[in-house]
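Below is one structure, written out as structure tokens; comments come after it.
Counting convention: from 1, in listed order, for ligands and their atoms alike.
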Amino acid sequence: MKKLYIETLGCAMNERDSEHIIAELTQKEDFRLTSTMEDADLILINTCSVREKPVQKLFSEIGVFAKKRKEGAKIGVCGCTASHLGEEIIKRAPVVDFVLGARNVSKIRDVLDKKGAVEVDINYDESSFTFGDFRNSLYKAMINISIGCDKQCSFCIVPHTRGKEVAIPADLIIQEARKAAQSGAKEIMLLGQNVNNYNDNGRDFSDLLEMVSEIEEVERIRFTSPHPLHMDDKFLELFANNPKVCKNMHMPLQSGSTKILKEMKRGYTKGWFLDRAFKLREMVPDVRISTDIIVAFPGESEEDFLETMDVIEQVRFEQIFSFKYSPRPLTKAAEFENQIPKEIADRRLSTLQRRHNEILDEITDATKGRVFEVYFEELKSGGRVAGRSDNGFMVMVEGSEELLGKTKEVLIEYPRRTALHGKVID
Ligand code: SAH
Ligand code: F3S
């Protein structure tokens, strides 16, 4: 048997793509997984290109792998950087055996033995391809509901790496969800770049959530990522009222300035975003709202930045993923003239993160003495088990594998920013 080592960078979509690749290679070919790169016969790097840093890292990493690998081991580059650099990867790093784009995962078995193969058609339609079955976790399953993105946000490279948006047929999604839930994954995570824009012959995302929730064995449904523009009342009402839909909403703000949002081509205003967030807090008092924020987008003035800070004060997000703007090839914003100097970007990012940490400390402290229903999914070191509350807090208790796959009530005793520590009471 040959051994496969796979490194996955970037988003949940990439994690799922890696699971698909592993399934293809371990079930239809003669591979098994290894966690030691030096033992591998095939080394795969599943890359991210949303910001520049991981792309730079890729080439130094290829060099390290090439030096340390077992004799004769192959190296393949997959994912979003593969999609946008294509054969340039092999030109810059001839040790690479093949390049497989983020939208060509189903072709992994075709490129395996073709030295120099480059499969990077970003509009290849693999929406109905049935992959083998592999999941990293026994207790939860990720399921793609769409591929690609039609949004063209001016900072974002994803439409150029994952291509046009195509909905995966709802029947296929339900079939996958049923299979996963029956094999023990009581939590289903629905994945897409823009999930609430889903449309399969008139079935929208709210309809899809309803259909998944009707599968008896499914206990919890999560999804990522929705777009604030498509958070209409029907969607918010379903989110609020369907007990299986977890009360954790990702609302990627990007900027609090209506002017910058327009430049970003996000399609909503600060006012719309606040309206949706307040409505959500009103309908679901216990909701956790997470967000993505980009600081120092081209042309962002101090006033624009303060608008973003204002949204943070008003919405009090439970979690923020914040980034400095990074110019990406093929995107419109990379050509904008008024790029922001690094010192200003650094200062804005640290101002934002410092203030958010203060807010987060208040939110975290307020969980002390509260009880959450926690679905346990992972063993941690030191005899601890981790899981998530319905609204997405990471919770840890002392315990053993007996807790895995079970939902228990937990009393929070020592809340920390990274995880709430407590004990099982029921
Ligand atoms: N639709 C996807 C977006 C994928 S990119 C989603 O909502 O998850 C994930 C995040 O990376 C974006 O929300 C944005 O905040 C950030 N990002 C994308 N392009 C960026 C860039 N050029 N510079 C900095 N951050 C970026
Ligand atoms: Fe990117 Fe905007 Fe789509 S952030 S993935 S172009 S919704």
_Pair Ser257-Glu300, side-chain donor/acceptor within less than 3.5 Å_ = no

*Please confirm whether the backbone N or O of Lys244 pairs with a side-chain atom of Ser213, one donor and one acceptor, at under 3.5 Å?*
no

*Hey, does the Lys NZ or Arg CZ of Lys186 hover above the aromatic six-ring of Tyr139, less than 6.0 Å from the centre and inside 45° of the axis?*
no

*Could you tell me whether Asp17 and Arg162 have a side-chain N and a carboxylate O separated by less than 4.0 Å?*
yes

*Determine whether more than 12 heavy atoms belonging to other residues, nucleotides or ligands lie under 6.0 Å from atom NZ of Lys262.*
no

*Listing residue and atom name, which protein N/O/S atoms are closer to atom 2 (Fe) of ligand 2 than 2.8 Å?*
Cys153 SG

_Assess whether a salt bridge exists between Glu307 and Lys259, defined as any Lys/Arg side-chain N lying under 4.0 Å from an Asp/Glu carboxylate O._
no

*Does the pair Arg203 and Asp171 meet the rule for a salt bridge (charged side-chain N to carboxylate O under 4.0 Å, His left out), with working shown?*
CA-CA 11 Å; Arg203 283 183 185 131; Asp171 300 337; 3.6 Å; yes

*asked:* My understanding is that only one of Thr34, Ile6, Leu4 makes a side chain to side chain contact (heavy atoms under 4.5 Å, CB included) with Leu42; could you say which?
replied: Leu4

*Proximal protein residues to ligand 1, non-hydrogen atoms under 4.0 angstrom*: Val50, Arg51, Phe155, Gln193, Ser225, Gln254, Asp292, Ile294, Phe323, Lys324, Tyr325, Ser326, Arg328

*Do Arg288 and Ser389 get their side chains close enough for a donor-acceptor pair, meaning under 3.5 Å?*
no

